[in-house]
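Reckoned from all heavy atoms, side chains included, excluding hydrogens, waters and symmetry mates. Keep in mind it's a predicted model, so treat the numbers as computed, not measured. Index from 1, following the sequence.
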Amino acid sequence: MIGGGPAGYTAAIRAGQLGFKTAIVEKRGTLGGTCLNVGCIPSKALLHATELFDEAQHGFAKFGIKADGVSVDLPAMMAHKAKVVTELTKGIEFLMKKNKVTYLAGAGRFKSADTIEVTLNDGGTKEIKAARTLIATGSDVSSLPGIEIDEKTVVSSTGALALDKVPGKLIVIGGGVIGLELGSVWKRLGAEVTVVEFLDRITPAMDGEVSKNFQRILGKQGFEFMLSHKVTAVKPGKKGAKVTVEPRDGGEAKTLEADIVLVAVGRRPYTDNLGLDAAGVETTDRGFIPVDAHYATNVGHIYAVGDVIGGLMLAHKAEEEGVAAVEIMAGQHGHVNYESIPGVIYTMPEVANVGATEESLKAAGIAYKTGKFPFTANSRAKANSQTEGFVKVIADAATDRILGAHIIGADAGNMIAEIVTAMEFGGAAEDLARTSHAHPTEMEAVREAALGVNGGTRQM
């Protein structure tokens, strides 16, 4: 395995379980990849901490709780984040030992199709002869032409997770998941946040109705949005940066001032210095590694999974591919159902989705039905004072099979799992509608939305 992120370390564990003699190569010096070290996990630690702070400031009073003088100790918050990351990375090292996987801390590079040279972090090199190799090197941050990320004033997600003080003004370039999550962290801590997005709405791949409501909710929280705008220049100075933006379709340019600029315009496959040419492995013009249905590259015994092959750049998608690839190597029937891979934005409220959107079904000419239920009508959401959002279930008009679901709500990331499970088993909206749900729970909104697909909602 080259790469120790979610795809690589999960695949290595499965390989060990299946009896393969396995080594994993990771140059970072800690396992877990971007997700665990500078992505999913540290961002969630900060998101949760700042949600608690925001609730203490603005939400406790309505429950009859007085919490005067609440303040933030940013170094302590960052220390908590670092502690979580350290504990989890050490846990993965333990899992490597438990499953008899050799961990090599260093940079791997193909010398030939079956030989990998590892430049060890502690010095020296080591050669590995491999009957099979899995490339799981993930992705790296992208930028825009002419914009240099220095991780001080102009930062990527990595730098935005490690700021030593709250910026007065934060400009986020890109209205996608990463920018909105990290913008939420610093907004709750007191920053003024402006999001500049090239397209005419945030989270453009999301269901349109959810995207519209999501933007409205973030606007109520104090986010400013400049949609259909492009950034043409970012000039760092002694104090902050000047950001030049102009309307995407033509018009007068404006200059915005910011203490910190977060560049969140996506990620690119990471294949730098892998020696793919020496192995004969082909890549696309965008740097992705093409694979077949069994995750094999054009060189049959070299496989690739995760961000580096494209598709949804999600840790859990990468994990599924890593396990499937190893099981296929072992002669088993590894498989990933891409129609039931969920996605979550961990803002407050959260946004979660799986499967098709209304827009994609219309474009494909597929007839569908929808059921929708708002949290304003859910008793547990009322009791918790978390009534923003709704659940939408989309089903095939002829068969009632669930084609997709979209949730915006306080616990959407957990709630989507029930619908993913139903879809994995080819479930219909009626299956969810006829399943008993505990009362009172937010999950009842899923059932009511499913009932609504066929006009049977009972609590409105």
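Residues forming a salt bridge (Lys or Arg N to Asp or Glu O under 4.0 Å) with E358 (at least two apart in sequence, or on another chain): K392.
Looking only at side-chain heavy atoms (C-beta outward), M96 and I13 come within less than 4.5 Å of each other. Within the 4.5 Å cutoff, side-chain heavy atoms of K362 are placed close to those of Y368. By the 4.5 Å heavy-atom criterion applied to side chains, M423 and I419 are counted as neighbours. Counting heavy atoms from C-beta on, the side chains of L95 and Y9 never come closer than 4.5 Å. Put simply, the side chain of Q221 does not reach to within 4.5 Å of the side chain of D54, judged on heavy atoms. Residues L182 and S157 have side chains in contact (heavy-atom distance under 4.5 Å, counting atoms from C-beta outward). Contact annotation: the side chain of N213 approaches that of F390 to within less than 4.5 Å [non-hydrogen atoms, C-beta and beyond]. T22 is not listed as a side-chain neighbour of N99, based on a closest heavy-atom distance of 4.5 Å or more.
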Would you sort out whether K83 and E87 count as a salt bridge (charged side-chain N to carboxylate O under 4.0 Å, His left out), showing the intermediate values?
-> CA-CA 6 Å; K83 181 173 182 286; E87 289 176 349; 2.7 Å; yes
Worked check of side-chain contact (heavy atoms from CB on, under 4.5 Å) between I260 and L163 = CA-CA 9 Å; I260 297 291; L163 300 180; 4.2 Å; yes
Is there a side-chain contact (heavy atoms from CB on, under 4.5 Å) between I345 and E181 once you walk through the steps?
-> CA-CA 7 Å; I345 305 178; E181 285 189 352; 4.0 Å; yes
Under the side-chain contact (heavy atoms from CB on, under 4.5 Å) rule, what do T89 and L31 come out as? Steps first, then yes or no, please.
-> CA-CA 6 Å; T89 55; L31 295 168; 5.6 Å; no
Apply side-chain contact (heavy atoms from CB on, under 4.5 Å) to L47 and E350, showing your working.
-> CA-CA 11 Å; L47 281 159; E350 294 178 349; over 6 Å; no
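Within 6.0 Å of atom CG in D122, 12 or fewer heavy atoms from other residues, nucleotides or ligands are found, so the atom counts as exposed in its surroundings. Residue R216 places its CZ atom among more than 12 non-hydrogen atoms of other residues, nucleotides or ligands, all under 6.0 Å distant. Heavy-atom contacts from other residues, nucleotides or ligands closer than 6.0 Å to NE2 of H316 number more than 12. The neighbour count for E339 CD, taken as heavy atoms of other residues, nucleotides or ligands under 6.0 Å away, does not exceed 12. Around atom CD of E224, no more than 12 heavy atoms belonging to other residues, nucleotides or ligands sit under 6.0 Å away. The 12-atom threshold is exceeded at NE2 of H301, counting heavy atoms of other residues, nucleotides or ligands nearer than 6.0 Å.
Although no hydrogens or angles enter the test, the distance criterion places no donor-acceptor pair under 3.5 Å between the side chain of S211 and the main chain of M206. Side-chain atoms of R109 come within 3.5 Å of backbone atoms of N273 as a donor-acceptor pair (strictly under, hydrogens ignored). Checking side-chain atoms of D207 against main-chain N and O of E209 turns up a donor-acceptor pair under 3.5 Å. A donor-acceptor pair is defined here as one N or O able to donate and one able to accept, closer than 3.5 Å; such a pair exists between the side chain of S43 and the backbone of C40. The backbone N or O of R248 lies less than 3.5 Å from no partner atom in the side chain of S228, so there is not a single donor-acceptor pair. A donor-acceptor distance shorter than 3.5 angstrom exists from the side chain of H229 to the backbone of L227, with no hydrogens or angles considered. At distances below 3.5 Å, not a single donor-acceptor pair connects side-chain atoms of N121 with backbone N or O atoms of R28. Under the 3.5 Å distance criterion, the side-chain polar atoms of R267 are matched with a main-chain donor or acceptor of S139. Judged by distance alone, with hydrogens and angles left aside, the side-chain atoms of E127 form no donor-acceptor pair with the main-chain N or O of T115 at under 3.5 Å. A donor-acceptor pair under 3.5 Å is absent between the side-chain atoms of H80 and the main chain of L46, judged by distance alone.
Of all heavy-atom pairs between V172 and G179, the closest is CG1-CA, 3.6 Å. When every heavy atom of A422 is checked against every heavy atom of I402, the shortest pair comes out as CB-CD1, 4.0 Å. Closest approach of T284 and P290 over heavy atoms only: CG2-CG, 3.8 Å. Shortest non-hydrogen contact noted between Y270 and T137 is O-OG1, 2.7 Å. Annotation for V308 and A304: closest pair CG1-CB, 4.2 Å, computed over non-hydrogen atoms. When all heavy atoms of P342 and I416 are compared, the closest pair comes out as CB-CG2, 4.1 Å.
A side chain to side chain contact (heavy atoms under 4.5 Å, CB included) with T133 is found for exactly one of I116, V299, I128, namely I116.
Using a 3.5 Å distance cut-off with no hydrogens or angles, the side chains of S340 and E424 do pair a donor with an acceptor.
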Side-chain donor-acceptor distances from residues 232-246 under 3.5 Å, at least two apart:
residue : atom : partner : partner atom : Å
T232    : OG1  : T244    : O            : 3.4

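Atoms CG and CE, on L134 and M329 in that order, are 4.5 Å from each other to the nearest 0.5 Å. With rounding to the nearest 0.5 angstrom, the CG atom of L361 is 6.0 Å from the CD1 atom of I394. Between K187 atom NZ and L180 atom CG the span is 13.5 Å, to the nearest 0.5 Å. Distance CD1/I41 to CG/L88: 6.0 Å, rounded to 0.5 Å. To the nearest 0.5 Å, atoms CG (L262) and OG1 (T153) are separated by 13.0 Å. In this structure, NZ on K44 lies 12.5 Å from NZ on K81, to the nearest 0.5 angstrom.
Using a 4.0 Å cut-off between charged side-chain N and carboxylate O, E257 and K169 make no salt bridge. One finds no salt bridge joining E197 and R201 here, because no Lys/Arg side-chain nitrogen approaches an Asp/Glu carboxylate oxygen to under 4.0 Å. Checked for salt-bridge contact, E321 and K317 meet the test: a charged N lies under 4.0 Å from a carboxylate O.
Residue pairs meeting the salt bridge (Lys or Arg N to Asp or Glu O under 4.0 Å) criterion with at least one partner in residues 132-161, sequence neighbours excluded, are D140-R268.
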